[in-house]
Amino acid sequence: MGSGVWPLIALSACLGLSGLQVYLSWKSSAKALSPPEEVLESKPRRKELVVAVVVFALYLLAIPWLGFFLSTFLFVPAVSWALGERRTRVLVLGAIVVTGAILGLFGWFISIPFPKGVGIFASLSRLLR
Amino acid sequence: MTVHYLNALATILAPENLIAMVLGSLWGLLAGALPGISTSMGVVLLLSFTYTMPPMTAFVLLVGAYLGGITGGSITSILFGIPGEPSSVPTVIEGHSLAKQGKASYAMWVYLLCSIFGGLFSTLVMILATPLLADFALRFGPAEYFALTVLGLSVVSGLSGGSLVKGFLSCFFGLFLATVGTDGITGEERFTFGTVTLLGGFNFVVVMVGLLAVSEIFLEAEEPFQEYKGAVEYKGLLGELPPFSLFKRYWITMIRSPIIGTIVGAGATIASFLAYGEAARTARHEPEKFGRGAVEGLMAAECANNASTGGSMTILLSLGIPGSNTTAMLLAAFMIHGMQPGPLLLSTRPDILYGIFVAMILTNLLLLVLVGMSIRLFLQLNKLPYSIFSATILILCVVGAYGLNNSMDDVLLMFAFSIIGYFMRKFQVPVAPCILGLVLGDLAELSLRRALLLSGGSILGLVSSPISAILLAGATISVIYPLFKKPKGIRGV
């Protein structure tokens with residue numbers, strides 16, 4: 001049994017099961033004569049979701065440039081705001097406390113070598129550590 | 001033999017060993033509870049401190065870290081929905097659901113009592129079985145390991161919820177993900193696209209954190225804004241202690257799960273998934289709650305999870321083979337101190353062997369006290385403002401993924417899996433079978449190929465031994481049985 005057989009089995013099964021699921025879904029939707037009785041009470045907050053995902057992606061992209069700690073300090077209020085938090089005190093305190101706790105625990109105590117950033121941000125990261 | 005135990009007890013109760021036990025347990029709890037530090041990493045970090053210690057003190061410290069890590073891993077699973085280890089996935093599914101319903105304290109007590117029960121049960125079995133097991137376990141070859149993984153994968157039927165098709169689709173996707181990286185037999189690269197990052201394959205933690213924890217935050221971002229994650233009322237140290245009737249009601253699960261955990265010495269993951277799958281499949285009381293906060297599921301996973309410690313240690317002490325990543329670290333500790341675990345340990349260093357037995361019992365009891373007294377502290381974390389709480393979880397997920405190899409590539413992969421996890425859960429494709437497939441895929445493939453090599457390519461070689469034949473028959477029944485059974489409305493996660 002070569003190295004390609006097992007992935008082939010797994011992928012074939014995935015394709016076969018996907019096809020079966022499409023067929024089952026089509027069959028069950030064809031059977032449904034009336035729309036489902038259950039109606040969603042509230043619409044999902046799609047905009048908030050998209051903003052939160054984008055903020056998270058930007059945070060991940062910013063880490064190598066700004067350094068982990070500065071990025072985290074900016075990320076906490078940004079994503080909290082995206083999720084609906086509007087209390088300024090919570091946003092500011094959250095950024096300070098969470099970044100401080102992460103810095104203390106993972107930066108100082110466990111000494112994980114997080115990205116330091118580039119240029120002036122690298123100097124700032126070194127100062128914090 | 002009694003003399004050996006009394007001597008071992010006297011040694012363990014020496015002040016330096018008691019201090020080592022407390023420190024090891026506390027460190028293990030911290031390592032297990034923090035994402036980014038696995039139990040095995042927690043043991044490795046301690047290993048360098050033990051070089052100059054007397055061997056017994058070193059093993060008390062390391063055993064404390066091992067048991068503490070396995071126990072502590074479920075704290076973040078229940079409170080934040082972040083699985084520290086693959087074995088904690090069923091705990092996230094049920095325990096975190098209970099926490100979201102405002103029953104975090106109750107879930108914590110159930111988890112703690114079941115964990116300690118599982119740990120003590122397996123330790124007692126370990127004490128009895130270690131001298132006897134060597135002969136039986138030596139018969140396990142590739143065919144038996146393949147059959148064992150197939151049995152492990154067969155629990156997908158219990159994790160699939162309403163749709164077996166979606167459950168198996170997810171499982172095969174996980175099996176495919178496990179093939180990415182360097183082939184363990186020929187050394188060929190598979191699906192790496194020439195990148196160094198994928199040479200070692202996908203790390204379990206990266207996939208788990210992405211599929212489960214980050215996708216959960218994305219799903220919750222769609223829900224109406226709430227200031228706090230969930231009100232947690234603390235009713236005193238013993239206020240939320242589960243009644244004895246709860247354990248009486250689920251007595252079958254309480255007996256079956258530690259047995260599964262102890263027997264499956266290959267690690268906590270297969271054990272907790274198997275026990276959880278069995279509990280879901282055979283649930284008589286409130287089966288509809290599985291996936292939504294079933295206390296029976298939490299009990300099964302936790303009993304088996306901690307019971308695996310005794311199973312893994314039995315294999316290590318009786319055969320010298322590590323049954324899990326962490327016991328591989330303990331094997332290194334034995335070598336550092338000039339010893340070789342295995343059949344000869346009983347005659348060469350009975351003091352160490354019996355000392356480890358006694359240390360495991362005492363450490364389990366110590367963990368009951370340590371975690372029990374700190375439940376209030378852990379619950380305070382749930383009172384963080386919801387948005388800050390979510391931000392903190394996302395950061396911890398980043399730290400967890402980054403800390404594996406100090407690489408941003410792992411973090412970006414985690415992000416990719418969080419998007420996949422979001423859509424899987426949106427379309428009600430359960431993610432737990434995918435993780436199970438990823439975790440067991442490598443062992444299943446390698447065992448199958450080795451078994452086929454040994455049998456000259458004959459598939460009949462897989463069922464030529466009674467052990468593998470029984471295991472494969474069990475797996476077949478486990479998959480076919482739900483097809484002929486009335487669905488119980490178990491929701492897949």
Side-chain angles (χ1 to χ4, degrees), chain A residues 1-7 9-18 20-21 24 42-46 48-53 56-57 59-61 63-64 68 72 75-87 90-91 93-95 97-99 101-102 105-106 110 112-115, chain B residues 34 36-37 45 163 165-166 168-169 171-180 183 185-186 188 190-191 214 217-227 384-388 390-392 394-396 398-399 402-403 406 408 411-412 415 418-419 422 429 437 441 444-445 448-449 452-453 457:
Chain A
M1 185 173 161
S3 60
V5 179
W6 185 264
I9 294 170
L11 273 181
S12 305
C14 279
L15 281 174
L17 288 164
S18 301
L20 182 60
Q21 184 58 44
L24 290 174
S42 58
K43 256 176 81 174
R45 301 189 310 163
R46 289 276 151 74
E48 281 80 356
L49 168 71
V50 172
V51 174
V53 173
F56 188 49
Y59 167 56
L60 301 184
L61 293 175
I63 287 174
F68 178 74
T72 301
F75 170 69
V76 175
V79 79
S80 301
W81 185 85
L83 291 172
E85 182 64 67
R86 294 293 181 269
R87 293 169 291 178
V90 172
L91 292 173
L93 273 178
V97 172
V98 173
T99 311
I102 297 283
L105 189 60
F106 295 104
I110 300 174
I112 295 179
F114 289 114
Chain B
L34 288 175
I37 311 179
L45 290 173
S163 172
V165 176
K166 286 181 180 176
F168 278 101
L169 174 61
C171 178
F172 278 105
F173 178 55
L175 286 173
F176 171 69
L177 290 178
T179 66
V180 174
D183 178 20
I185 290 182
T186 61
E188 284 175 73
R190 296 190 297 196
F191 309 107
V214 182
I217 300 290
F218 291 165
L219 286 170
E220 286 191 12
E222 285 186 317
E223 301 294 321
F225 177 69
Q226 46 184 329
E227 284 191 0
L384 282 166
Y386 165 70
S387 57
I388 300 295
S390 299
T392 309
L394 288 174
I395 294 165
L396 288 176
V398 171
V399 172
Y402 181 82
N406 297 332
M408 281 304 290
V411 179
L412 296 176
F415 179 69
S418 69
I419 303 293
Y422 170 80
V429 177
E445 184 193 0
L448 174 65
R449 287 167 69 184
L452 289 175
L453 277 173

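Lettering of chains follows the sequences in order, A, B, ..., and the numbering in each one begins at 1.
- The two residues Ser3(A) and Glu188(B) make their nearest non-hydrogen contact at OG-OE2, 3.0 Å.
- Contact between Leu49(A) and Tyr422(B) at its shortest, heavy atoms only, is CD2-OH, 3.2 Å.
- With rounding to the nearest 0.5 angstrom, the OG atom of Ser18(A) is 4.5 Å from the CG atom of Leu169(B).
- If you take CZ on Phe56(A) and CZ on Phe218(B), they are separated by 5.5 Å, rounding to the nearest 0.5 Å.
- The shortest side-chain heavy-atom distance between Phe68(A) and Ile395(B) falls under the 4.5 Å cut-off.
- Using a 4.5 Å cut-off between heavy atoms, Leu24(A) touches chain B through its side chain atoms alone.
- Both the backbone and the side chain of Val90(A) have a heavy atom closer than 4.5 Å to some heavy atom of chain B.
- Annotation for Pro113(A) and Tyr402(B): closest pair O-OH, 2.7 Å, computed over non-hydrogen atoms.
- At a 4.5 Å heavy-atom cutoff, Ala78(A) makes no contact with chain B through either its backbone or its side chain.
- For the atom pair CG of Leu17(A) and CZ of Phe172(B), the computed distance is 6.5 Å after rounding to the nearest 0.5 Å.
- For chain A, the option among Thr392(B), Val214(B), Leu175(B), Leu394(B) with the highest count of heavy-atom pairs below 4.5 Å is Leu394(B).
- Contact annotation for Ile63(A): only side-chain heavy atoms (C-beta onward) come within less than 4.5 Å of a heavy atom of chain B.
- Pro77(A) does not touch chain B: none of its heavy atoms, backbone or side chain, sits under 4.5 Å away.
- Listed here is the closest heavy atom pair of Glu48(A) and Ala221(B): CB-O, 4.0 Å.
- Closest of all the heavy-atom pairs between Leu396(B) and Phe106(A) is CD2-CE1, 3.7 Å.
- Only the side chain of Val98(A) comes within less than 4.5 Å of a heavy atom in chain B; its backbone stays farther off.
- Between the CZ atom in Phe191(B) and the CG atom in Leu11(A) there is a gap of 5.5 Å [rounded to 0.5 Å].
- Taking CD1 of Ile217(B) as the start and CG of Leu83(A) as the end, the distance is 8.0 Å to the nearest 0.5 Å.
- Scanning both residues, Phe176(B) and Pro7(A), for their nearest heavy atoms gives CD1-O, 4.2 Å.
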